[in-house]
Amino acid sequence: MSENSLIKDIFDKVLTKRSLFKDRNVLRSEYIPKNLPFREEQIKTIAQILSPLLKGSRCSNLLLYGKTGTGKTAVTKYVLKALEETANSQNLNLKTVYCNTRIAGTEYRILYELSNYLGLKIPFTGLALKEVSERILNYITSMKFGVIFTLDEIDFLVKNSGDNLLYEFTRANERLKEGSLSLIGISNDLKFKELLDPRVLSSLSEEEMVFPPYTAEELKIILSERAKMAFNNGCIDDVTLNLCAALAASEHGDARRALDLLRVAGEIAEREGALKVEEKHARIAIRKIDEDRMIDALNSLPLHQKLLLLASFGSQGQSHTGEVYLRYVKLCEANSIEPLTSRRVTTLLSELDMLGLVSATTISKGRYGRTKKISPLISFEVVKKVYREDPFLKHIVDS
DNA sequence: CGTCCACAGGAATGACGGGCGG
DNA sequence: CCGCCCGTCATTCCTGTGGACG
């Protein structure tokens with residue numbers, strides 16, 4: 001076959017072959033389907049809790065628990081959307097605001113998002129926190145809004161900034177002459193309640209609800225329902241679905257992971273030009289998802305943490321903090337970079353530990369001190385490969 | 001059985017960039 | 001432009017500690 005016809009062949013294939021996907025957005029985690037199987041109970045209860053708002057009175061604050069991918073966010077958004085539609089048709093002044101505190105990052109940016117959604121202009125930065133919350137509350141009063149503010153991954157907020165902000169919010173209603181502010185907190189972590197001031201806790205958890213993980217069976221049904229919408233007929237079979245469900249079920253019934261898996265498997269199959277998504281595509285997808293996540297993590301590290309990660313690759317396997325620090329300093333000096341203090345390095349190392357790039361366990365060597373045993377959790381080859389892409393790191397890696 | 005190593009990790013503080021209101 | 005406030009990263013100083021050694 002000549003080169004020309006070879007190329008033509010590729011193009012022809014693309015044109016004539018119908019895609020495996022009907023609508024791949026259905027498999028994205030942001031997608032909220034028309035019905036959420038196995039969550040009817042939760043939907044009903046939340047709807048009931050929120051319903052006073054439709055009569056213009058305040059509703060209870062609500063706290064939702066459950067591991068990742070158990071449908072907390074989806075259910076919340078689902079109910080809020082329905083509530084908003086009803087309110088709109090009744091011309092009620094109801095506002096629902098969603099904010100992921102981990103993505104927002106700081107207290108200020110949380111308030112910033114809240115005011116933005118409400119239509120109140122707030123400077124990007126520069127104001128005192130008290131001032132911002134003051135303005136927001138005044139604004140709510142003056143507009144007579146009934147506001148539901150959803151704080152997703154609320155444990156993150158509390159761990160990083162304490163409960164000051166929540167305290168302000170929970171007592172907001174005493175201060176609001178008109179309008180109301182209700183909170184929905186979503187958390188993966190059951191223990192985060194211990195970090196809360198008892199007053200805040202009792203106010204925030206007027207209502208509580210736990211989302212159980214999905215079982216493998218449930219995941220399978222969820223997947224097949226979505227697959228029907230996402231893929232064209234006959235482009236995926238039960239074996240593949242089962243595999244995706246089983247894999248996600250083994251990781252605490254995480255539906256989001258199951259859907260990711262399915263989507264990536266589909267993309268791989270499509271790129272390969274396969275006629276249907278098969279088991280092997282799902283298996284490749286697992287690897288690819290993990291790898292992508294790791295490459296992202298590697299790239300988003302600040303410079304010194306990258307150097308530290310490189311320094312953590314010792315003679316063989318593991319080394320202690322002291323050795324890593326020594327290698328790190330050498331690495332810096334060899335490249336005329338000012339090294340950081342050892343104190344700073346300890347925190348950077350425990351961050352690497354939390355990111356899962358390195359394992360760090362405290363051990364005691366008795367007479368010879370107490371330290372952390374540090375061993376990289378990824379292969380040197382992968383790190384080298386990723387960092388060679390970086391023009392500055394390139395020659396550092398090659399030594 | 002006490003000492004003392006080699007750090008862990010908390011608290012306070014500071015430098016710096018960003019951005020307001022006045 | 002100044003003074004104030006925020007967030008981030010870093011330094012300095014500090015107290016705490018498991019267990020082998022003497």
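In what follows, chains are A, B, ... by sequence order, proteins preceding strands, each numbered from 1.
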Rounded to whole angstrom units, what separation is found between the [atom1] atom of [X] and the [atom2] atom of [N]?
{"X": "Y108(A)", "N": "dG17(B)", "atom1": "OH", "atom2": "C1'", "value": "15 Å"}
{"X": "I363(A)", "N": "dG19(C)", "atom1": "CD1", "atom2": "P", "value": "11 Å"}
{"X": "E351(A)", "N": "dC9(C)", "atom1": "CD", "atom2": "P", "value": "8 Å"}
{"X": "Y368(A)", "N": "dC21(C)", "atom1": "OH", "atom2": "P", "value": "5 Å"}
{"X": "E323(A)", "N": "dC7(B)", "atom1": "CD", "atom2": "C1'", "value": "13 Å"}
{"X": "L340(A)", "N": "dT12(C)", "atom1": "CG", "atom2": "P", "value": "11 Å"}
{"X": "Y325(A)", "N": "dC7(B)", "atom1": "OH", "atom2": "C1'", "value": "13 Å"}
{"X": "K373(A)", "N": "dA8(B)", "atom1": "NZ", "atom2": "C1'", "value": "16 Å"}

According to a strict under-4.0 Å criterion, is [X] in side-chain N/O contact with OP1 or OP2 of [N]?
{"X": "K365(A)", "N": "dC7(B)", "value": "no"}
{"X": "T321(A)", "N": "dA8(B)", "value": "yes"}
{"X": "R367(A)", "N": "dT17(C)", "value": "no"}
{"X": "T341(A)", "N": "dT11(C)", "value": "yes"}

### Task
Would you kindly check if the NZ (Lys) or CZ (Arg) of R39(A) is within the cone defined by 45 degrees around the ring axis of Y214(A) and under 6.0 Å from the six-membered ring centre?
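Yes, a cation-pi geometry.
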### Query
If you pin I374(A) and G366(A) to their nearest nucleotides in DNA chain B, which one's is more 5'?
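Its nearest nucleotide lies further toward 5', so the answer is G366(A).
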### Query
Would you say the side chain of R343(A) and the base of dG9(B) hold a donor-acceptor pair, judged only by whether the two atoms sit under 3.5 Å apart?
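Such a pair is found, so the answer is yes.
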### Task
Just compare dT11(C), dT17(C), dG9(B) and give me whichever is closest to any side-chain atom of R370(A).
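Looking only at heavy atoms from C-beta outward on R370(A), the closest nucleotide is dT17(C).
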### Query
Considering only dG18(C), dA10(C), dA8(B), which nucleotide approaches the side chain of R344(A) most closely?
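Nearest to the side-chain atoms of R344(A), counting from C-beta on, is dA10(C).
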### Task
Indicate whether the side chain of D353(A) and that of S350(A) have a donor and an acceptor atom separated by less than 3.5 Å.
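On atom types as modelled, these side chains do not qualify, holding no pair under 3.5 Å.
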### Query
Looking at OG1 of T96(A) and CD of E84(A), how far apart are the two atoms once the value is rounded to the nearest 0.5 Å?
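T96(A) OG1 to E84(A) CD: 3.5 Å, rounded to 0.5 Å.
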### Query
Is R293(A) salt-bridged to D296(A), going by a charged N under 4.0 Å from an acidic O?
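D296(A) and R293(A): not salt-bridged.
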### Query
Given the rule in the side-chain contact (heavy atoms from CB on, under 4.5 Å) test, do L247(A) and I286(A) qualify, once you have shown the distances and angles that lead to the verdict?
CA-CA 9 Å; L247(A) 287 166; I286(A) 307 165; 3.0 Å; yes
